[in-house]
Amino acid sequence: VTGPALARVRGFVFDLDGCVWTGHVLSPGAGECLAALQRAGRRVAFITNNSRETGAGVAERLAALGVGGGDAVLTPLEIIGETIRERYGASRVLVVGAPELAEMVRRGGHEVVAVKDHARATVVALGNDFDLTYERLTAAARAAAAGAPLVVPNVDPRLPLENGDFMPGCGAIVAAVCAAAGVRPVVVGKPEAPLFRIALARMRLPPHAAAMVGDSVPSDIEGARRAGMRTVLYAPDGGVPAHGADVVVRTFDELRALAGV
Ligand SMILES: [Mg+2]
């Protein structure tokens, strides 16, 4: 696929952090590009690997910035309860992460186990945790080492912020637990297939008729490529090494031109 082929793509799935927005600020031209795509009748959806918010919460933040949610706004929290149930049945889950993560695990029909009761856990759900303590880290590592599968929204190492700053992402905490426990995580979000499949179903498009636009090669580009979608790497700083994306854009204006809107 070359740039001009994007003019025939019928739907676009956008990553959020480091792509449509960074911190609380829309990327230059992103709002205009999304509005133009929707005006032109192209399908639009969003998949973010956010481990602390539901799709509804993220859609509210998009709306506050004047961006419509399109056909879907998806985060791994939507499906983490279901993923645990499908793989392990109704479980006793140690949740180390945001209250929203615990709530979505509970809504999936699981019992949430207190940190001090980590020995009872049959599954560990680990997300970005702004209240992380050594006690919580220890509980997650011990439960995982004892055999509870480690289920995580994503393994992205960083959460990009304004001005090139970042916070450690969910993947940084996951790496600590994996190192201590000697285990590998089960990833719910990108680059795994389920959220891509749901977005395509909501857009009513086959994979080859849709493109994923994102800034992460391992999560966005690799995941979308495996799902059979076209891939667009958003690389505002340029200088991208071998990336494997079909198209690389530096700006949303460039994407808009390639999409023919
Ligand atoms: Mg991103």
Side-chain angles (χ1 to χ4, degrees), residues 11-31 33-34 37 44-55 57-59 61-62 65 67 69-70 72-80 97-98 101 127-128 152-175 185 187-196 198-199 210-227 229-252 254-255:
F12 290 83
V13 181
F14 288 88
D15 168 50
L16 290 174
D17 294 311
C19 183
V20 168
W21 64 31
T22 299
H24 298 284
V25 182
L26 284 179
S27 297
C33 177
L34 287 160
L37 285 169
V44 169
F46 302 88
I47 304 178
T48 170
N49 259 353
N50 193 313
S51 67
R52 296 178 298 109
E53 281 183 284
T54 62
V58 174
R61 285 206 285 138
L62 277 171
L65 292 168
V67 177
V73 181
L74 303 170
T75 82
L77 265 53
E78 314 302 312
I79 58 168
I80 194 162
L101 175 60
N128 216 343
V152 305
N154 71 73
V155 288
D156 301 341
R158 290 184 176 191
L159 178 61
L161 300 177
E162 295 95 337
N163 307 319
D165 266 336
F166 70 91
M167 291 196 302
C170 178
I173 301 175
V174 172
V187 181
V188 173
K190 298 176 289 186
E192 297 306 316
L195 292 179
F196 293 104
I198 295 170
M212 176 77 207
V213 183
D215 69 314
S216 165
V217 171
S219 286
D220 301 316
I221 303 306
E222 273 301 302
R225 192 180 54 73
R226 279 191 255 147
M229 299 170 68
R230 314 293 194 203
T231 55
V232 181
L233 182 68
Y234 175 66
D237 302 325
V240 180
H243 47 73
D246 296 322
V247 182
V248 181
V249 297
R250 289 178 180 229
T251 66
F252 274 87
E254 204 180 321
L255 174 62

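In each ligand, atom 1 is the first atom listed, and ligand 1 is the first ligand listed.
With rounding to the nearest 0.5 angstrom, the CZ atom of F166 is 10.5 Å from the CG atom of L159.
For the residue pair S219 / D156, a side-chain donor-acceptor distance below 3.5 Å is found, with atom types taken as modelled.
Metal site remark for the Mg ion (ligand 1): D156 contributes no N, O or S atom at a distance under 2.8 Å.
Aromatic pair Y234/F14: centroids not less than 6.0 angstrom apart.
Remark: K190 does not engage E222 in a salt bridge, criterion side-chain N to carboxylate O under 4.0 Å.
Atom O is the N, O or S atom of D17 at the shortest distance from the Mg ion (ligand 1).
Rounded to 10°, the angle formed at the Mg ion (ligand 1) by D15 OD2 and D215 OD1 is 80°.
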